[in-house]
Amino acid sequence: MTKRALITGITGQDGAYLSQFLLGKGYEVFGVIRRSSHRGVEDHRLRWLGVADKVTLLDGDLADLSSIVRIMQQVKPDEIYNLAAQSFVASSWQQPVLTANITGVAVTTMLEAMRIVKPEAHFYQASSSEMFGLIQEEMQSEKTPFYPRSPYAVAKLYGHWITVNYRESFGFHASSGILFNHESPLRGTEFVTRKVTDGVARIKLGKAHELRLGNIDAKRDWGHARDYVRAMWLMLQQEKADDYVVATGRTTTVRDMCQIAFEHVGLDMDKYLIIDPAFYRPAEVDVLLGNPAKAQQKLRWTAEISLEEMIKEMVDADLERWRTAVDG
Ligand code: NAP
Ligand code: F7E
């Protein structure tokens, strides 16, 4: 029987890659799409991957339980991937209540809809390494205590624990993936990797003359979204639901990541990079480094794409976009 997957956040980076992955496994893929006055552009990532015509998009919003219940009744999914969120950490200080509602409380909306319609479905919650925040251990694993440092991270912590709670309260097959930063050519341009690769591409093509960044001493454990959506799927194929850290086990400064991008196009970073305090955060997560041992052992998952390969792929994709941009 063909398996049916429901993805919230299908129009985002991970939703697009996960759709492509699940379609490749023969799934029927459904996604929640929220109403926008910019109809026609929301599915640009799905189109970029060539899968927009192969998925079914259904109108709904995580702020609206009734829309989620109706979608759940229509789809009757075997697997539910809850990827929708206000996911930009910096914006979570500008819109803290919305972030709490969508990134946090709406996880309960998803779990309640599942409880009403399809309690036997397998559920994935997109938890985040941001929950470790002010790190309590040098390498963060499933056992490391959390210390969130932004309204986003606080909301994710709620989503994480309510997922654990429904698993323990109702026996739900509900897993939480504590994913470290993962990027791709489909990353939003507000996130630092894509801001860098897009900026480097524009500088190379003479369309920009500088790149303004905030704290370039921050360190992140960066992987590729294509690798990370595979880990999400693997979690839902296990006999028992559980929580997993998904990471590469390597951490790099923003400065060094930026250097890879500039070097790839033969430019001297120091000539273009400007430190702009406007991009500093009220509270910073200085360093993250994940320990993926459990995912490696139990899921047989490992990150396959290196930071260098990924940044080069992203720069090349941005060069191509700007070369062919009609208004560029
Ligand atoms: P993203 O590109 O920002 O995508 C977020 C998705 O959520 C978009 O499809 C967005 O729809 C949707 N969404 C936002 N508010 C919604 C609402 N009220 N109702 C329905 N949909 C809504 O994020 P991503 O990078 O793919 O990340 C996917 C998930 O993993 C997020 O939960 C994120 O917090 C989490 N995460 C990401 C990373 C990472 O490094 N990428 C790491 C750990 C965890 P629109 O297109 O309409 O805006
Ligand atoms: O920042 C520093 C910034 O916005 C990374 C989300 O997917 O991953 C992401 O959250 C670092 C921070 O990602 C700029 O201060 C310096 O230390 O790319 P980012 P993030 O905040 O780590 C986690 C795992 C998630 O769950 C989130 O959803 O880079 N930085 N200068 C900058 N960051 C940005 N955005 N822009 C700058 O100019």
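When a ligand or atom number is given, it counts from 1 through the structure's own listing order.
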* Structure fact -> For atom 17 (C) of ligand 1, the closest protein heavy atom turns out to be Asp61 OD1, 3.5 Å

* Do me a favour and list the nearest non-hydrogen protein atom to atom 11 (O) of ligand 1 with residue, atom name and distance? => Thr11 OG1, 3.3 Å

* Heavy atom of Tyr228, distance to ligand 1 below 4.0 Å -> no

* **Minimum-distance pair of heavy atoms, taken over all atoms of Tyr152 and Thr99** => CA-CG2, 3.7 Å

* Qualifying salt bridge (Lys or Arg N to Asp or Glu O under 4.0 Å) pairs with a residue from residues 186-204, counting only residues at least two apart or across chains -> Glu183-Arg187, Arg194-Asp318, Asp198-Arg202

* Pairing of Asp217 and Arg255 as salt bridge, 4.0 angstrom limit -> yes

* Asked: So, are Lys312 and Glu309 salt-bridged, with charged N and O less than 4.0 Å apart?
  -> no

* **Side chains of His224 and Glu313, donor plus acceptor under 3.5 Å** => yes

* atom 43 (C) of ligand 1 [closest protein heavy-atom partner, distance rounded to 0.1 Å] -> Leu179 O, 3.2 Å

* Asked: Tell me: protein heavy atom nearest atom 4 (O) of ligand 1, and distance?
  -> Gly12 CA, 3.4 Å

* Asked: Hey, is Asp64 close enough to Arg35 for a salt bridge, meaning N to O under 4.0 Å?
  -> no

* Asked: Any idea which protein heavy atom is nearest atom 21 (N) of ligand 1, and the distance to it?
  -> Ala84 CB, 3.5 Å

* Backbone or side chain, does any N or O of Val32 fall under 3.5 Å from an N or O of ligand 1? -> no

* Asked: Which protein heavy atom lies closest to atom 41 (N) of ligand 1, and at what distance to 0.1 Å?
  -> Arg187 NH1, 3.2 Å

* Co-members of the apolar cluster containing Ile135 [side chain, <4.5 Å] -> Met131, Phe132, Phe146, Leu157, Trp161, Val164, Ile178, Phe180, Val245, Val285, Val287, Leu288

* Nearest to atom 20 (C) of ligand 1, what protein heavy atom do you find, and at what distance? -> Leu62 N, 3.7 Å

* Any N or O of Ser127 closer than 3.5 Å to N or O of ligand 1 -> no

* Asked: What do you reckon, does Leu83 have a nitrogen or oxygen under 3.5 Å from a nitrogen or oxygen of ligand 1?
  -> yes

* How does Glu130 reach ligand 1, if at all, at less than 4.0 Å between non-hydrogen atoms: by side chain, backbone, both, or neither? -> neither

* Side-chain touch Gln13/Phe191, heavy atoms, less than 4.5 angstrom -> no

* Asked: Should the pair Arg220-Glu284 be classified as a salt bridge under the 4.0 Å nitrogen-to-oxygen rule?
  -> yes

What does the N/O contact table under 3.5 Å look like for ligand 2?
unit_1: ligand 2; atom_1: 4 (O); unit_2: Arg281; atom_2: NH2; d: 2.8
unit_1: ligand 2; atom_1: 7 (O); unit_2: Arg187; atom_2: NH1; d: 3.1
unit_1: ligand 2; atom_1: 7 (O); unit_2: Arg187; atom_2: NH2; d: 2.8
unit_1: ligand 2; atom_1: 8 (O); unit_2: Asn181; atom_2: ND2; d: 3.0
unit_1: ligand 2; atom_1: 15 (O); unit_2: Glu284; atom_2: OE2; d: 2.6
unit_1: ligand 2; atom_1: 17 (O); unit_2: Arg220; atom_2: NH2; d: 3.0
unit_1: ligand 2; atom_1: 17 (O); unit_2: Glu284; atom_2: OE1; d: 3.0
unit_1: ligand 2; atom_1: 17 (O); unit_2: Glu284; atom_2: OE2; d: 3.1
unit_1: ligand 2; atom_1: 18 (O); unit_2: Val192; atom_2: N; d: 2.8
unit_1: ligand 2; atom_1: 21 (O); unit_2: Arg281; atom_2: NH1; d: 2.6
unit_1: ligand 2; atom_1: 22 (O); unit_2: Asn181; atom_2: ND2; d: 2.8
unit_1: ligand 2; atom_1: 22 (O); unit_2: Arg220; atom_2: NE; d: 2.8
unit_1: ligand 2; atom_1: 26 (O); unit_2: Ser128; atom_2: OG; d: 2.6
unit_1: ligand 2; atom_1: 26 (O); unit_2: Tyr152; atom_2: OH; d: 2.6
unit_1: ligand 2; atom_1: 28 (O); unit_2: Ser87; atom_2: O; d: 2.6
unit_1: ligand 2; atom_1: 28 (O); unit_2: Tyr152; atom_2: OH; d: 2.8
unit_1: ligand 2; atom_1: 31 (N); unit_2: Gly214; atom_2: N; d: 2.8
unit_1: ligand 2; atom_1: 35 (N); unit_2: Glu190; atom_2: O; d: 2.9
unit_1: ligand 2; atom_1: 35 (N); unit_2: Arg281; atom_2: NH2; d: 3.4
unit_1: ligand 2; atom_1: 38 (O); unit_2: Lys195; atom_2: NZ; d: 2.7

* Report the residues that fulfil salt bridge (charged side-chain N to carboxylate O under 4.0 Å, His left out) with Asp61, sequence neighbours left out, ordered by chain and then residue number. => none

* Structure fact -> Nearest non-hydrogen protein atom to atom 40 (O) of ligand 1, with distance, is His182 N, 2.9 Å

* Asked: With the threshold set at 4.0 Å, does a side-chain nitrogen-carboxylate oxygen contact exist between Lys118 and Asp78?
  -> yes

